[in-house]
Undergrad: 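Here's a structure for you.
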Protein chains: 2
Amino acid sequence: MAKLTSLKSEKRLLDRQAADGIRTHILEGILPAGGRLLETQLSEELEVSRGTVRAALAQLAREGLVQQVAFTRWQVSETSPRDAWELYTLRAALEGLAARLAAENGVAADHKRLKSTVAELTRAVKDKRFGDVTDIDFRLHQEIVEIAKHRRLAEQHGYIMQQVRFHMVHSGFFPKDYAALVDEHAALIGAVIERQPDLAEALAKSHNEAEVKLLAAHTEENPRAETAS
Amino acid sequence: MAKLTSLKSEKRLLDRQAADGIRTHILEGILPAGGRLLETQLSEELEVSRGTVRAALAQLAREGLVQQVAFTRWQVSETSPRDAWELYTLRAALEGLAARLAAENGVAADHKRLKSTVAELTRAVKDKRFGDVTDIDFRLHQEIVEIAKHRRLAEQHGYIMQQVRFHMVHSGFFPKDYAALVDEHAALIGAVIERQPDLAEALAKSHNEAEVKLLAAHTEENPRAETAS
DNA sequence: TGATGGTTGATCGTCAGCAATCGCGAGGGG
DNA sequence: CCCCTCGCGATTGCTGACGATCAACCATCA
């Protein structure tokens, strides 16, 4: 008998699927930041019951993409400069730990995968396929986290990166200095492969600090009327 | 006319209240690790509907105290040495950031509160009120996080600390060297008050690393039949 | 103008019920 | 005796409908 992949391995609970659908809409920017979400409308569009929609919205609220105003409304989260600062500082702390662990634990196969992704990133920058650059950038950081073999870290990092992506889409902030971006990633991956935990952690942190400074400059230039927390 | 206090200040959504009730039971060790939770039974005991119980359990699952086995059962999470390692490494990263921010941002009132809590901790150790020591220890770390003024950090730290408490209750691990505990906390708070971010971050991390080593020794001495992840 | 009260529409919580799935033991075959 | 299969009971997953509660809007009236 040939090896079969389980059919039900990807069978997911309905509320998760509903959350996936809404999440995709939010991350693609189809739903505007601060936009209202109606339970009944969502339940009709997704063809699930209102209870299932409520469970999905609660999940998304935990992920930080949606906010619940008790007894009143559900809405897509807003983006403020304060949020961006929180995301990048927290991301620096988490990725610092991830880089350290990856440098300590990574095996040859991991190193090979990282090198391959860095090469992809370099090619995309050289070819000026800037749309792909962001995706590969995200994937590279995710691979480091996976090598760290830390379930809770991976989960938290995933939520943070989701919010980073959300913030990028809605604030129009994207990296600009692609040459520096490639250099920083190459240095970080080099430290991981050469098993230098301290250096890897430091590079991961400084990489994020560089981005938070760029973001601060961006929000200076593009001030928005956002309510302070 | 006497001033009235808002009635709704403590009015909470019912599913949150249900989650609070179950959470307390779990954190006090009344429900054993791995113990099964029946939706029907909980709804009868808490006198809420099954739907509300499901919402509460989903919330607790997101907090890491409960696990959902699809179509089969809800159960209290298990504690493994791997979990403990994850909790302490992640906690070190988060508290490192918190200590850094607290050292940068703390004002006089914050410093006063920290000193007061350290004094409480010192007194409790001197009086050998070891039950109180743990609570004050937790509160001290929470105060540092609050001073950092970082919403997402505070949220994540809260969830982690909840799981740490859960793990302590169910694994029987408690600090032993109370003198060193007081010294480490005093040094950390000193660095925060003297506005030395680098030192504060380093002390917060080493404090947690010390604990993870104690824990490793503890699990060596008290091996349990736990399933590896 | 500004306070009052009513209307509207949304969320919150409950309930009864059915479908989907799993665990486990009885039963049968080797 | 062991192993496999089947079926039953228990539990979870999901639905639709309902009443209660709450916020926002609007008309009324002093």
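Numbered from 1 within each chain, the chains take letters A, B, ... in sequence-line order.
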Undergrad: Separation of B:Arg50 atom CZ from D:dG13 atom P, in whole Å?
TA: 8 Å
Undergrad: Suppose the criterion is salt bridge (charged side-chain N to carboxylate O under 4.0 Å, His left out): which pairs have a residue in residues 165-174 of chain A, not counting sequence neighbours?
TA: A:Asp135-A:Arg165
Undergrad: Check the phosphate of D:dG13 against B:Gln68, side-chain N and O only, distance under 4.0 Å to OP1 or OP2. Yes or no?
TA: yes
Undergrad: Has A:Thr52 got a side-chain N or O lying under 4.0 Å from the OP1 or OP2 atom of D:dG13?
TA: no
Undergrad: Hey, does B:Val69 reach any base, or is it just sugar-phosphate, or nothing, if we go heavy atoms under 4.0 Å?
TA: nothing
Undergrad: Does B:Gln59 reach the side chain of B:Arg16, with side-chain heavy atoms less than 4.5 Å apart?
TA: no
Undergrad: Aromatic rings A:His150 and B:Trp85: how do their planes relate, parallel, tilted or perpendicular, breaks at 30° and 60°?
TA: tilted
Undergrad: Is any side-chain heavy atom of A:Phe173 less than 4.5 Å from a side-chain heavy atom of A:His167?
TA: no
Undergrad: Does a donor on one side chain and an acceptor on the other come within less than 3.5 Å for A:Asp83 and A:Ser80?
TA: yes
Undergrad: What is the separation between atom CG on B:Leu14 and atom C1' on D:dA20, rounded to the nearest whole Å?
TA: 13 Å
Undergrad: Report the distance from atom CD of B:Gln41 to atom P of D:dA10, rounded to the nearest whole Å.
TA: 15 Å
Undergrad: Within the sub-3.5 Å range, which N or O atoms of nucleotides 7-10 of chain C have a protein N or O partner, and how far apart are they?
TA:
none

Undergrad: Without decimals, in angstroms, what is the distance between B:Glu44 CD and C:dT14 C1'?
TA: 15 Å
Undergrad: Calculate the interatomic distance between B:Arg16 atom CZ and C:dT11 atom C1'; express it in whole Å.
TA: 13 Å
Undergrad: Would you say C:dC12 has OP1 or OP2 under 4.0 Å from some side-chain N or O of A:Arg54?
TA: yes
Undergrad: Hydrogens and angles aside, do A:Glu95 and A:Asn208 bring a side-chain donor and acceptor to less than 3.5 Å of each other?
TA: yes
Undergrad: B:Trp74 side chain N/O closer than 4.0 Å to the phosphate oxygens (OP1, OP2) of C:dC22?
TA: no
Undergrad: In whole angstrom, what separates A:Leu13's CG from D:dT12's C1'?
TA: 9 Å
Undergrad: Atom CD of B:Gln59 to atom P of C:dG13: distance rounded to whole Å?
TA: 13 Å
Undergrad: Would you please test B:Arg113 and B:Asp110 for salt bridge (charged side-chain N to carboxylate O under 4.0 Å, His left out) and show each step?
TA: CA-CA 5 Å; B:Arg113 190 155 72 116; B:Asp110 298 326; 5.2 Å; no
Undergrad: Just the rounded figure in Å: distance from C1' of C:dT11 to CG of A:Leu42.
TA: 13 Å
